[in-house]
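Scroll down for the structure; my scribbles are underneath it.
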Amino acid sequence: VQLQASGGGLVQTGGSLRLSCKASGRAFSSYAMGWFRQAPEKVREFVAAITWKGGVDNYADSVKGRATISRDTAKNILYLQMDNLKPEDTAVYYCAAGSLNSEYEALYDHWGQGTLVTVSS
């Protein structure tokens, strides 16, 4: 499974951004897909995940109500829509593929390269 994340950029507080992750490779349709983020000098943390086939989603409390994870099964693209962005959302965002819909990054086997989101105050 190969993952290519994109869509990061500079946005003002209260703004919105949609991240994309193009997935390719065999059998990834059996995976769960997730978004994680790593802020400067902090450990990487879970943001959201979704089961590729059934679309069951899962969110971190810090983004619940402001983030929406979705996927386009025809185009093999994972999305993360982030609204009402805050400076504390500033981080490198990574997409990942794993066998379970989980907040634990150890359960994800494949990772994209990351895309930087910067939220200005």
Side-chain angles (χ1 to χ4, degrees):
V1 177
Q2 291 80 46
L3 304 172
Q4 181 74 33
S6 61
L10 176 63
V11 63
Q12 292 185 334
T13 295
S16 298
L17 211 59
R18 189 177 77 162
L19 306 182
S20 300
C21 177
K22 174 68 175 174
S24 59
R26 63 178 183 177
F28 79 90
S29 59
S30 64
Y31 281 74
M33 304 288 291
W35 287 98
F36 290 76
R37 66 186 182 186
Q38 186 167 19
E41 300 181 357
K42 291 190 176 181
V43 298
R44 189 157 58 186
E45 65 176 7
F46 170 75
V47 177
I50 190 167
T51 304
W52 190 261
K53 280 188 175 179
V56 176
D57 55 16
N58 179 24
Y59 297 93
D61 288 342
S62 58
V63 302
K64 201 169 290 184
R66 301 188 297 119
T68 303
I69 189 171
S70 62
R71 79 272 188 259
D72 185 326
T73 56
K75 296 181 179 179
N76 295 340
I77 300 177
L78 175 73
Y79 299 104
L80 180 68
Q81 175 71 37
M82 293 284 292
D83 300 314
N84 190 21
L85 283 160
K86 305 175 182 180
E88 52 263 43
D89 293 318
T90 294
V92 176
Y93 284 70
Y94 299 89
C95 56
S99 56
L100 291 174
N101 183 332
S102 171
E103 68 266 33
Y104 298 108
E105 64 173 90
L107 296 180
Y108 291 82
D109 304 309
H110 306 279
W111 292 82
Q113 85 289 0
T115 184
L116 176 62
V117 173
T118 303
V119 184
S120 63
S121 57

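All of these numbers come straight from a predicted model, not from anything done at the bench. Because only heavy atoms are used, hydrogens play no part in the values below, and waters and symmetry mates are left out as well, while side chains stay in.
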Same apolar cluster: Val1 and Met33, side chain cutoff 4.5 Å:
yes
Can you see which heavy atom on Tyr59 is nearest to which on Ala48, and at what distance?
CD2-CB, 3.6 Å
Are Val117 and Met82 side-chain neighbours, meaning at least one heavy-atom pair lies under 4.5 Å?
no
Where do Cys95 and Ala5 come nearest, in terms of heavy atoms and distance?
SG-CB, 3.9 Å
Are Arg37 and Ser62 side-chain neighbours, meaning at least one heavy-atom pair lies under 4.5 Å?
yes
Nearest-0.5 Å distance that lies between atom CG in Asp83 and atom OG1 in Thr68:
6.5 Å
Charged N to carboxylate O under 4.0 angstrom, Lys64 versus Asp61?
yes
Under the side chain to side chain contact (heavy atoms under 4.5 Å, CB included) test, residues paired with Val92 that sit two or more places apart:
Tyr94, Leu116
Ring pair (Phe, Tyr, Trp, His ring centres under 6.0 Å) against Tyr79, all qualifying residues, sequence neighbours excluded
none
When rounded to the nearest 0.5 angstrom, what distance separates CG in Leu78 from OG in Ser70?
7.0 Å
Among pairs that include at least one residue of residues 101-117, which meet salt bridge (charged side-chain N to carboxylate O under 4.0 Å, His left out), considering only residues two or more places apart or in two chains?
Arg44-Glu105
Give the cluster check for Trp35 versus Trp111: same hydrophobic cluster or not, with ILVMFWY residues linked at side-chain heavy-atom distances below 4.5 Å.
no
Just how far is it from atom OG of Ser16 to atom CG of Asn84, taken to the nearest 0.5 Å?
8.0 Å
N/O donor-acceptor pair under 3.5 Å between Thr118 side chain and Thr90 backbone:
no
Smallest separation among heavy atoms of Leu10 and Ser120, with atom names
CD1-CB, 4.2 Å
Is there a path from Tyr108 to Val47 through hydrophobic residues (I, L, V, M, F, W, Y) whose side chains come within less than 4.5 Å of each other?
no
Is there a side-chain contact between Pro87 and Thr13 (heavy atoms, below 4.5 Å)?
yes
To check you understand the geometry: which heavy-atom pair defines the closest contact between Arg71 and Lys53, and what is its length?
NH2-O, 3.0 Å
Exactly one candidate in Tyr93, Phe46, Tyr104 meets ring pair (Phe, Tyr, Trp, His ring centres under 6.0 Å) with Phe36; the answer is Phe46
Any sub-3.5 Å donor-acceptor pair from Lys86's side-chain atoms to Val119's backbone N or O?
no
Identify the two heavy atoms, one from Gln113 and one from Gln4, that lie closest to each other, and give their separation to 0.1 Å.
NE2-NE2, 3.2 Å
I'd like to know if the side chain of Asn101 reaches the main chain of Val56, judged simply by a donor and an acceptor atom lying under 3.5 Å from each other, with no hydrogens or angles considered.
yes
Residue pair His110 / Leu3: nearest heavy atoms and the distance that separates them
O-CD1, 3.4 Å
d(Ile77 CD1, Ser24 OG) to nearest 0.5 Å is 11.0 Å
